[in-house]
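Everything below concerns the one structure shown next.
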Protein chains: 2
Amino acid sequence: MSAHRILGDRFAGWQKLALDSSQCPVRNLLDRIGDRWSLLILCALAAEPRRFSALARDVPDISKRMLTQTLRTLETDGLVHREVEPSIPPKVTYSLTPLGQSFAGPMLGLIDWAEANFAQVQAARLRFAEAARTYSASLSAIASPAAKPLAHAHWKL
Amino acid sequence: MSAHRILGDRFAGWQKLALDSSQCPVRNLLDRIGDRWSLLILCALAAEPRRFSALARDVPDISKRMLTQTLRTLETDGLVHREVEPSIPPKVTYSLTPLGQSFAGPMLGLIDWAEANFAQVQAARLRFAEAARTYSASLSAIASPAAKPLAHAHWKL
DNA sequence: CTGGATCCACTCTGATACTG
DNA sequence: CAGTATCAGAGTGGATCCAG
């Protein structure tokens, strides 16, 4: 039985719960990793535990604000451990918890798919853009001669 | 070799590309599935091809606006196929493309993890909330007697 | 060094009304 | 039925300045 059939069967069971976002595991998960930075930080920490400033360097273009915020959320959810060494200046080291490491498997699956199929996605986008261009060109080509023939035009596209 | 180590090794290779969001497969993928509805719609379509109004019924609380927009994006990326039957009233059926079906595997991995570990995440949140409550209580307890002792207090937490 | 606080711009989303 | 158009509100992320 293929994966997409299993997935479909699974879906039916959610419909009652999905109404309540806080009770749906999938919605909850997406609220966390669906942002711009969580996955990237998780990947960085999977490589090795890092200090705050090391993360700021290695995760491109993230601001301190978002780094702090994202780390705090991941810590709250038990995916990341925060270790404070009370020296001056302070050293704070972040690492993956066992729970965080267990997430690496599914995450890797997702990443593999993304890398393997990115070219196809890009190709699909190009096809779509080309189709839209051709369509609008055909529209403007017949715009002057007649006005009414355009009715329902997009139904037939 | 464990998944989180492999993931870490992978991360190093991105750092040059991750600067350019449009060239990073992972960033691109997140831009799509990171929203509220894409994954839910993909799951619904994995069960079986559906018409627009059927999707609107089965995906809880989605507005027509977001349904249209999300489907269009998924179609642009080549994950969803849009079939128009030019009758009156029109019938539009959406289904997964082969590319969309191939995504079901990684997606299922993610969902399995979410369902298996949701309880742990919730527990972690409770622990965190409790810790915060205890901490702020201890703060207010010593707030009156002395003002200075609070310095660096959160370092020691 | 590791953040917290504030202000601002932008995006995402939903509600409503209209069209072919 | 299957959308599109427009508006308004909430949420998100960034820049900057400040503090322990």
Side-chain angles (χ1 to χ4, degrees), chain A residues 19 21 27 30-41 49-75 80 82-94 132 136 139 147-157, chain B residues 21 27 30-41 49-75 80 82-94 132 135-136 139 147-157:
Chain A
L19 289 165
S21 203
R27 296 288 279 270
L30 280 179
D31 284 346
R32 305 297 149 158
I33 69 159
D35 61 41
R36 250 212 269 299
W37 304 113
S38 293
L39 266 193
L40 248 18
I41 290 178
R50 281 154 205 249
R51 292 182 52 191
F52 184 86
S53 49
L55 278 171
R57 272 194 309 275
D58 296 339
V59 179
D61 293 330
I62 193 172
S63 64
K64 284 186 301 181
R65 171 169 149 65
M66 291 316 300
L67 182 54
T68 300
Q69 190 178 91
T70 307
L71 283 169
R72 201 69 74 225
T73 299
L74 293 174
E75 187 193 1
V80 160
R82 180 172 180 266
E83 185 82 42
V84 180
E85 181 185 329
S87 56
I88 295 179
K91 297 183 181 180
V92 182
T93 304
Y94 294 90
S136 65
L139 268 189
K148 235 0 185 179
L150 288 181
H152 298 182
H154 66 277
W155 294 7
K156 300 168 187 162
L157 175 58
Chain B
S21 203
R27 296 287 280 271
L30 281 179
D31 284 346
R32 303 299 149 159
I33 69 161
D35 61 44
R36 248 214 269 302
W37 304 114
S38 294
L39 267 193
L40 247 18
I41 290 178
R50 281 154 204 249
R51 293 181 52 189
F52 184 87
S53 49
L55 277 172
R57 271 194 310 274
D58 295 339
V59 179
D61 294 329
I62 192 173
S63 64
K64 282 189 301 183
R65 171 166 154 51
M66 291 316 299
L67 183 55
T68 300
Q69 187 177 351
T70 307
L71 283 169
R72 202 68 75 223
T73 300
L74 293 173
E75 186 193 1
V80 160
R82 180 173 180 267
E83 185 81 43
V84 180
E85 182 185 328
S87 56
I88 295 179
K91 298 183 181 181
V92 181
T93 304
Y94 294 90
Y135 171 64
S136 64
L139 267 190
K148 233 4 185 178
L150 287 181
H152 298 182
H154 67 278
W155 292 8
K156 300 168 188 162
L157 175 58

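Throughout, protein chains are lettered first and strands after them, A, B, ... in sequence-line order, and every chain is numbered starting at 1. Scope of the values below: all heavy atoms of this structure, side chains included, with no hydrogens, waters or symmetry mates. On a predicted model such as this, the values are computed, not experimentally measured, just so you know.
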How long is the straight-line distance from [atom2] of [Y] back to [atom1] of [X], given to the nearest 0.5 Å?
X	Y	atom1	atom2	value
B:Ile33	B:Ile41	CD1	CD1	13.5 Å
A:Ser38	A:Leu30	OG	CG	11.0 Å
A:Lys91	A:Glu83	NZ	CD	13.0 Å

Rounded distance in Å - [atom1] ([X]) to [atom2] ([N]):
X	N	atom1	atom2	value
A:Leu71	C:dG4	CG	C1'	15 Å
A:Phe52	D:dG20	CZ	P	18 Å
B:Arg57	D:dA2	CZ	C1'	13 Å
B:Leu67	C:dA15	CG	C1'	16 Å

Ignoring hydrogens, what is the shortest heavy-atom contact between B:Arg82 and B:Tyr94? Give both atom names and the distance. NE-OH, 3.3 Å

B:Thr70 and B:Met66: which non-hydrogen atoms are nearest, and at how many Å?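 Nearest heavy atoms, B:Thr70 then B:Met66: OG1-O, 2.7 Å.
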
Produce a footprint string for nucleotides 7-17 of chain D: one letter per nucleotide, 5' end first; B if the base is under 4.0 Å from any protein heavy atom, S if only the sugar-phosphate is, - if neither. ------BBB--

OP1, OP2 of [N] versus side-chain N and O of [X]: anything below 4.0 Å?
X	N	value
B:Arg72	D:dG3	yes
B:Ser53	D:dA2	yes
B:Arg51	D:dG3	no

With the side chain of A:Tyr94 defined as its heavy atoms from C-beta on, choose the nearest nucleotide among C:dG3, D:dC1, C:dT2. C:dG3

Pair B:Leu67-B:Val59, side-chain contact (heavy atoms from CB on, under 4.5 Å): steps then yes or no: CA-CA 9 Å; B:Leu67 183 55; B:Val59 179; 5.5 Å; no

